[in-house]
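Sequence lines set the chain letters: A, B, ... in the order given, protein chains first and strands last, and positions in each chain run from 1.
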Protein chains: 2
Amino acid sequence: MGPQPHGHVTLAQVATRAGVSAQSVSNALNNPERVAAATRERILAAVAELGYEPNLSARALRNRSSSLIAVKMRPARPDKASLLMDDFLYVLNAAAVDAGYHLILCHAEDGSAGEIKAYRDLLKKTSVDAFILAETHRNDDRVAALRSWGVPFASFGRSWDGDDGLAWVDVDGRAGTRAATEHVAAQGHRRIGHIGWGAESELGQDRRDGWLEACRERELETDLQAAVVDSLDAGRQAAHRMLDASRPATALVCASDTLALGVMRALHERGLRPGADVAITGYDDSPTAALVSPGLTTLRQPIDEVGRQLIQIVDNLMAGDLRQPAYALPQHVLLEPELIVRASSLPGPRTPVR
Amino acid sequence: MGPQPHGHVTLAQVATRAGVSAQSVSNALNNPERVAAATRERILAAVAELGYEPNLSARALRNRSSSLIAVKMRPARPDKASLLMDDFLYVLNAAAVDAGYHLILCHAEDGSAGEIKAYRDLLKKTSVDAFILAETHRNDDRVAALRSWGVPFASFGRSWDGDDGLAWVDVDGRAGTRAATEHVAAQGHRRIGHIGWGAESELGQDRRDGWLEACRERELETDLQAAVVDSLDAGRQAAHRMLDASRPATALVCASDTLALGVMRALHERGLRPGADVAITGYDDSPTAALVSPGLTTLRQPIDEVGRQLIQIVDNLMAGDLRQPAYALPQHVLLEPELIVRASSLPGPRTPVR
DNA sequence: CTGTTAGCGCCTTCAT
DNA sequence: ATGAAGGCGCTAACAG
């Protein structure tokens, strides 16, 4: 049994309708300069009239390019607040569609070996045109693999090993944490602690640096720091330690909303009030930040812009590829996060607490 | 300039390697019974050796079926806690890949007209095999459109107009809200209010009904109810009203985590403690629920199962389609949510509040 | 500037 | 049980 009849309009039908050859229709759409203006108009009219949409499978087969961009889905960790992913996918997809692509999801087991295999399968099966990575790290296997295959890709997250050939879009974590630190310092805080991630996390170091710099400029002590994993409980415990110190912290700048929410949990356990008793800042502006009480001061990443830029980069890379495969046009975009001030970092009106 | 050379292994190459025709390779893979066992083994060996993966574009062109399943992305509303979407996409994709499909994202402007246009474009351009809808409502245009095109689809969310032909997977909101209500009633609460959505929301009515039933069975009053939009502020205001009542609520069962978080905001403004002073329950087990302090009691939807079932349904529909287009095999799956008890609904240990 | 030819990789039909 | 022919819809190359 063969393929079912379908309602799809084909190039040939448009051609007949416009009284030209299929090739001219193709040219009218893809290489407008090769076709006379008058013919072109006639063709476009026929296209509109018949509601023609090119069949991407056929085009992909012919061109070896599917206009599909792959994004990897990672499992959401139950403990994490940073669900930018949802939003991120939305804006990324919007930008992709805008540029004539579609997003296809890539499923991979944990671990970069599984991920590379998944990429490879997807590439072989669907000829995806490009990949979007997130959270690259030093000596990332995935980067090496994609590069060896010659597939365009861009990363949300910079190259931490000074790899200039990698195209990335990132948000300035250092500037963000600095802004948060300056903000609480401006409220008069002098004992400002930092709760961040361990030394293995380049992103964590970057964010920590912003706090360090801001403290040093103000000649504040930097003894209150914790390097922990990104979980509510880790934030909670670190907060307790810093509040149990002989000269306890009065403000805590955190590397993530998750950690900051752990701090809020600790305060809750101690009967202290975020803002009024201890200032707290997070990072990411996850949905949760706006919804907790009091609201969590945090840094919003401009993910709309991140999404748009990533798509633009791979789009450029693909255009470059066609002309000259060996031609590398690295692109690096570093965006500024925006400090969102909510009550968790402000003394605020004294709310009655019974 | 033609297509670039590529590393893809083709059917013909496998055929040469195995010393058979391309046809036999195709058969060995797709119609094993048509090929002798010995030949088949030889072919499969060659497939493995060469790492052959069928080219989906070619297959799609030939079969008019792309093994792509489309899912619509909706923008994440900043005010909302319900970010199941992220998790949902992950499990849905895992199930899809498992069944030999891939997920492609559909971008649509708000409004069902834009959405239908987006579906249609996607269908024409990529011959997606099936659609997954979310949140269908009474007289849903999208359902009518998809049906008129004869595309398989399934919905996360039941058909509220008794449309038996629609395949859906849903979670029993009534049972969930009932469980939450029974839970707080078991703590001794007698003035249990409900904050939910307006009458236009079938889902909201369903959830409200669970509360109503549980209250009536216990001969509790049901005067404390609010029908509002799903936002933090709406929940907050409704909570204030119910706490200002002459006989105020001591427990508030909400139709969403967002509303419950609004209630927590209201309590915060009044200097009251969730759990100790007023019991609160939400709905969805959004990531936020575990991260706020105190933790929010809520209902977890079994989205893993939802994802698996949805894929299985469309898979069945597609198999059915092939044999007999007109044959409808409706499937309805109603799953139970799980009550996750956290501190927001428990009197708990008296935490010191200064 | 336009039309003809050919083939991307696969699978259904029909022959052997 | 296996192979040959043909075409899905599109576009690069090459005429005309």
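Checked against side chain to side chain contact (heavy atoms under 4.5 Å, CB included), S26(A) has the following partners two or more places apart in sequence or in another chain: L11(A), Q23(A), N30(A). Not counting sequence neighbours, the partners of S159(B) by the side-chain hydrogen bond (donor to acceptor under 3.5 Å, both in side chains) test are W168(B). With sequence neighbours excluded, the residues satisfying side-chain hydrogen bond (donor to acceptor under 3.5 Å, both in side chains) with R138(A) are E202(A). For N27(B), there are no side-chain hydrogen bond (donor to acceptor under 3.5 Å, both in side chains) partners, not counting sequence neighbours. Legend: residues meeting side-chain hydrogen bond (donor to acceptor under 3.5 Å, both in side chains) with Y52(B), ordered by chain and number and at least two apart, are absent. For E115(A), the side chain to side chain contact (heavy atoms under 4.5 Å, CB included) partners at least two apart in sequence or on another chain are K72(A), A108(A), Y119(A), R142(A). Take F153(A) and apply the ring pair (Phe, Tyr, Trp, His ring centres under 6.0 Å) test, not counting sequence neighbours, and it matches no residue. When the side chain to side chain contact (heavy atoms under 4.5 Å, CB included) test is applied to Q309(B), the partners found at least two apart in sequence or on another chain are V169(B), E305(B), Q312(B), V333(B).
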Scan nucleotides 2-5 of chain D against the protein and return all N/O pairs shorter than 3.5 Å with their distances rounded to 0.1 Å.
unit_1 : atom_1 : unit_2 : atom_2 : d
dT2(D) : OP1    : T39(B) : OG1    : 2.7
dT2(D) : OP2    : A36(B) : N      : 2.7
dT2(D) : OP2    : T39(B) : OG1    : 3.4
dG3(D) : OP2    : S21(B) : N      : 2.9
dG3(D) : OP2    : S21(B) : OG     : 3.0
dG3(D) : OP2    : S24(B) : OG     : 2.9

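Less than 4.0 Å separates DNA chain C from no heavy atom of any residue of residues 44-52 of chain A.
For residues 39-54 of chain B, every residue pair satisfying the salt bridge (charged side-chain N to carboxylate O under 4.0 Å, His left out) rule, not counting sequence neighbours, is listed here: R17(B)-E49(B).
Contact of the V306(A) side chain with the Q301(A) side chain is not registered, since no non-hydrogen atoms from C-beta on lie closer than 4.5 Å.
At a threshold of 4.0 angstrom between heavy atoms, the contacts of L11(B) are confined to the sugar-phosphate backbone, with no base atom among them.
A rotation axis mapping the C1' atoms of four pairs onto the next four is fitted at both ends of the helix from dC1(C)-dG16(D) to dT16(C)-dA1(D) over five pairs, and the angle between these axes is 40° to 10 degrees.
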